Amino acid sequence: MIRIYNTLSHQKEDFQPIEPGKVRMYVCGMTVYDYCHLGHARVLVAFDVVTRYLRHRGYDVQYVRNITDIDDKILRRADENGEDYRGLTERMIRAMHEDEAKLGVMSPNEEPRATGYIDEIVAMIHKLISGGHAYEAGNGDVYFAVDSFDDYGKLSRKKLEDLLAGARVDVQEAKRSPADFALWKAAKAGEVSWPSPWGDGRPGWHIECSAMSTECLGDTFDIHGGGPDLLFPHHENEIAQSECATGHRFVNTWMHVGAIRVNKEKMSKSLGNFFTIREILEKYRAEVVRYFLVSSHYRSQVDYSEDNLEEADRSLTRLYHALRGIVPAKESEVPETGHDREFTAAMDDDFNTAGAIAVLHAVANEINQFRRLGEEMPAKQAAAVLVRLGSVLGILQQDPEMFFQSDTGTELTAEDIEAMIQARADARKAKNFAEADRIRDELAEKGIILDDSREGTSWRRG
RNA sequence: GGCGCGGUGGCAGAGUGGUUAUGCAGCGGACUGCAACUCCGUGUACGCCGGUUCGAUUCCGACCCGCGCCUCCA
């Protein structure tokens, strides 16, 4: 039985999908006005792992992750760039797909865009108005009336009176209550807009997710996820809109990932201390970044630092060492092992990837022991288990030689290195160890490490 | 101020009412010409103070400290 921590109930719950064997999941994706940063990477990777694991456990997962391709920030950025907003969003969507592919994130089943669902959005707003949950403000805007929904605040545990007392709530003349939020924004002169019964305009931020998730997955679905800062107001508002519009419970399980921190501060756009995925991938390999993200629990806060990334690199390197020079047995011929069961136990417990990785290291240790004893078949079988479990986390899927020998950052070609290894082997044969060590040191200086074994010498990036 | 989360060995990071997390780093040994890789061994970790209990890092309460949301942000 899989247990998932539900933000709504603040506890782990047994996961029971609405339809047996099928999981409907919606995750709030990107607002595409800039490149993805590490926080996006965490959401992307976390829910990729959730999807992979649920499928591994036999569920048919319908994974929908939206793209917000119209909003204030997009229009402002496009304006700054002097480009059409669609040029900007198309470019950023392409970049996002490149980034996620590098991180080993599988594509969601559907990737709805806000601009593709204007009719559904307008229809939902219309429903809310006729139900008395929303109103035209007279300036062309339409707002959701927060006090029309008794359960408002149930996700974020906020009381309406506290929100109203807070000075930080945007006070706008047109709103009946400061906590009300826009469903439809009237277009300013020259802005891109869509026609609606309330005049030309564009959707508010929250309504698009209500409309798209309902359209793609139905009134009620199993899992809704997103970043930690979406909990309020975004997800709270989605609940209000959807439950008022459909009259049904919106989502059963709410999942939120933990924040990424940099130097003990939350990484955020407003603080300007964020790293884009592209920047990070210039310094670290994508699989190392993924391993770093997966090696702590998705709900915990993680600190981005060079030390932590380098440690992740060494730890992942250990796993690949276990797979190096070995041809794993055919997966189908390797029955479920105790390690599979330990892995499942960890992952069943709210996707405990840290515990799952500990199992991977136990398997690696087992492989190394078998190899040491020359027990080839057991080693190959264990290697198959390691690759099999790694695939659920989206790691250990590349050829170990690729992991060790790609992107070395040296000017040396593989042929150069092989030639030097041969020269060193000759020197060793002649017992000229000074020369042999000189060659090894020279390679080490250029970032190439040699590993000797009975079968010969192999090399890897430092 | 309101709401919520967390404090685990040198570092990262799981977990548990009594028994090994795991990784990185360190130390000792094996392997090696020497290294690297690997294997074996090695650390009286659980913020502080009370309480419950035969026994608490794990449950309860207070306290201290850190963090997040309450505003665009994943």
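Predicted model, so just to flag it, every value in this text is computed and none were measured. Note on naming: letters A, B, ... go to the chains in the order of the sequence lines (proteins, then strands), and numbering restarts at 1 for each one.
- One donor-acceptor pair, N or O on each side, does fall under 3.5 Å between the base of B:G33 and the side chain of A:D437.
- For A:W205 and B:C73, the shortest distance from a side-chain N or O to OP1 or OP2 is below 4.0 Å.
- Taking atom P on both B:G7 and B:G41, the two are 30 Å apart, rounded to the nearest angstrom.
- Donor-acceptor pairing under 3.5 Å is lacking for the side chains of A:T31 and A:D71.
- We find that OH of A:Y33 is positioned 11 Å from C1' of B:A74, with the value rounded to whole Å.
- Nearest-nucleotide mapping onto RNA chain B: of A:C28 and A:K431, the residue sitting toward the 5' end is A:K431.
- Checking the phosphate oxygens (OP1, OP2) of B:G13, no side-chain nitrogen or oxygen of A:N352 falls inside 4.0 Å.
- With a 6.0 Å cutoff to the six-membered ring centre and a 45° limit on the axis angle, A:R76 does not count as a cation-pi contact of A:Y33.
- Contact between the side-chain N/O atoms of A:S300 and the OP1/OP2 oxygens of B:A14 is found at a separation under 4.0 Å.
- Within 3.5 Å, no donor on the side chain of A:D307 pairs with an acceptor on the base of B:A12, nor the reverse.
- Applying the 3.5 Å distance criterion, the base of B:C34 shares a donor-acceptor pair with the side chain of A:R440.
- Distance noted for atom C1' between B:U53 and B:G61: 16 Å (whole Å).
- Closest-nucleotide positions on RNA chain B for A:E366 and A:A358 were compared, and the one nearer the 5' end corresponds to A:A358.
- The partner of B:U42, taking Watson-Crick or G-U wobble pairs whose two distances both stay under 3.5 Å, is B:G26.
- No donor-acceptor contact under 3.5 Å links the side chain of A:R314 to the base of B:G23.
- Seen from the ring of A:F404, A:R324 counts as a face-on cation partner, given the 6.0 Å and 45° thresholds.
- One finds no side-chain N or O of A:Q301 lying less than 4.0 angstrom from the OP1 or OP2 phosphate oxygen of B:G7.
- Relative to the six-membered ring of A:F403, A:R285 meets both conditions, a distance below 6.0 Å and an angle of at most 45° to the axis.
- For B:C11, the OP1/OP2 oxygens have no side-chain nitrogen or oxygen of A:N308 closer than 4.0 Å.
- Contacts of A:I449 with the nucleic acid, taken as non-hydrogen atoms under 4.0 Å apart, involve only primed sugar atoms and P, OP1 or OP2.
- If you check B:G66 for Watson-Crick or wobble pairing at under 3.5 angstrom, you find it paired to B:C5.
- Remark: A:H361 is not in phosphate contact with B:U22, judged by side-chain N or O atoms under 4.0 Å from OP1 or OP2.
- The side chain of A:K266 contributes an N or O atom lying less than 4.0 Å from OP1 or OP2 of B:C69.
- Side-chain atoms of A:H235 never come within 3.5 Å of backbone atoms of A:F232 as a donor-acceptor pair (strictly under, hydrogens ignored).
- Distance from the side chain of A:R424 is smallest for B:A35 among the nucleotides B:C39, B:A35, B:C37.
- Between the side chain of A:H256 and the base of B:A74 there is no donor-acceptor pair of N/O atoms closer than 3.5 Å.
- In this model, the phosphate group of B:C37 is not approached by any side-chain N or O of A:N368 to a distance below 4.0 Å at OP1 or OP2.
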